[in-house]
Amino acid sequence: MPSPAKPVLAALRKYLILPKLIALSWSAPKNRTVAWDRYWAGIARTGARSDVLWDSGTDQELLGYRDILQRHFDPSLPVVDVGCGHGAFSRALAAFSPQVMGVDVSAHAVARARDESAGIAGVSYLARDMTEPGAASGLVGSTDANVFVRGVLHVLTEADQAALMENLRQLVGARGTVFLAETNFQGNPVEYVAHLGASLRSIPAPLELAIRTLPMPGHFGPQELARVMPRDGWTLVEDGAATIEANPLMDAAGNSRIPGYFAVLRAKDPDTGG
């Protein structure tokens, strides 16, 4: 009969990696813009055999959102992809709108997105910090927009989350819709990296690069949304569980799927509250 202590010891063993994680993350820039730009400057490959932790190299995740987007996005409006990275989702979102604008805080990410989107009509990119006051101004001209946000809010502070939400409210106007999908892993950072294949023996290269370069992520679900979504400013139309597809090269066990959360939001009319 197995000892009751063995499962406990097995669960605790993963925490032996903690000093290594601290050492790896020690040199990560504290400035968010610098961190993300340095990260994207160091990316050599995207798509198949990607260096990017959250790049699955397929459209499977977006296919999981397709019915939701078709239900809620007005196809006559442009789509703004906030936190576009190398533009994989921006290019796929061209199926939902004749005009897609990818926006990222990293100029290196935007440059890569432009290169990888060469020849694709209706898709453009801009380097802009969408947590800055007035960041929504002039982004898509005078029209309202639909907004796609994937994996951005969970890496922001609560103050920056609130600032982003206010800019998105300005961006969607009366006719647009926000769709967001975020990592919502219910565990601490050690359990999270263990889920993605990190162990004392090895850490998958895409994960190690993110640990070395980027701020420690959190998670974002219904409770976090409720904290940064003023009830007088937004209507929650639909929400639920999602699956965030990460890099399939993470580990032999295939733990490249991360529990996530999606939500569909519309801005309320400030005059009527509706």
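Within the 4.5 Å cutoff, the side chain of Leu93 has heavy atoms near those of the Leu69 side chain. Tyr39 has its side chain within reach of Leu209: a pair of non-hydrogen atoms, C-beta onward, lies under 4.5 Å apart. Counting heavy atoms from C-beta on, the side chains of Thr46 and Glu116 come closer than 4.5 Å.
Between Ala35 and Pro215, the shortest heavy-atom contact is CB-CD, 4.0 Å. The two atoms that bring Val193 and Ile211 nearest to each other are CG1-CD1, 4.2 Å, heavy atoms only. Taking every heavy atom of both residues into account, Arg38 and Pro29 meet most closely at NH1-CG, 3.5 Å. Heavy-atom minimum distance, Val155 versus Pro217: CG1-CB, 3.9 Å.
Ring pair Phe220/Tyr261 is tilted by interplanar angle, where 30° to 60° counts as tilted.
Summarising the geometry, atom CG belonging to Leu53 is positioned 11.5 Å from atom CD1 belonging to Ile244; distances are rounded to the nearest 0.5 Å. Annotation: the span from Thr243 atom OG1 to Gln60 atom CD amounts to 9.0 Å, rounded to 0.5 Å. Once rounded to the nearest 0.5 Å, the distance linking CD1 of Ile258 with NE2 of His154 reads 7.5 Å. Atoms CZ and CG, from Arg91 and Asp59 in turn, are 12.0 Å apart once rounded to the nearest 0.5 Å. Taking OG of Ser106 as the start and CZ of Arg112 as the end, the distance is 10.5 Å to the nearest 0.5 Å. Atom CE in Met165 sits 7.0 Å away from atom CE in Met229 (nearest 0.5 Å).
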Stepwise side chain to side chain contact (heavy atoms under 4.5 Å, CB included) check, Gln99 with Val79: CA-CA 6 Å; Gln99 180 188 353; Val79 174; over 6 Å; no
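A continuous path of Ile, Leu, Val, Met, Phe, Trp and Tyr side chains, each step under 4.5 Å between heavy atoms, connects Val237 with Phe96, placing both in one hydrophobic cluster. Put simply, Phe262 and Leu225 are part of two different groups of oily side chains (I, L, V, M, F, W, Y) that touch within less than 4.5 Å, one to the next. Under a hydrophobic-cluster definition in which Ile, Leu, Val, Met, Phe, Trp and Tyr are linked whenever side-chain heavy atoms come within less than 4.5 Å, directly or via other members, Val103 and Val52 are assigned to different clusters. Criterion: ILVMFWY side-chain heavy atoms under 4.5 Å apart, direct or through other members. Under it, Phe73 and Val140 are not part of a common hydrophobic cluster. There is a path of hydrophobic side-chain contacts, each under 4.5 Å, that joins Leu164 to Leu139.
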Below 3.5 Å, can you tabulate the donor-acceptor pairs from side chains in residues 185-192 to any protein atom, sequence neighbours excluded?
from   : atom 1 : to     : atom 2 : distance (Å)
Gln186 : NE2    : Asn184 : O      : 3.3
Gln186 : NE2    : Asn184 : OD1    : 2.9
Asn188 : OD1    : Val190 : N      : 3.1
Asn188 : OD1    : Glu191 : N      : 2.8
Asn188 : ND2    : Tyr15  : OH     : 2.9
Glu191 : OE1    : Asn188 : N      : 2.9
Glu191 : OE2    : Tyr15  : OH     : 3.3

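Asp51 contributes a side-chain N or O that, together with a main-chain N or O of Arg45, makes up a donor-acceptor pair within less than 3.5 Å.
With sequence neighbours left out, Phe89 forms a ring-ring contact (aromatic ring centres under 6.0 Å, His included) with Phe148.
Annotation: salt bridge (Lys or Arg N to Asp or Glu O under 4.0 Å) contacts involving residues 93-111, sequence neighbours excluded, are absent.
Comment: Glu182 does not engage Arg150 in a salt bridge, judged by the lack of any side-chain N to carboxylate O separation of less than 4.0 angstrom.
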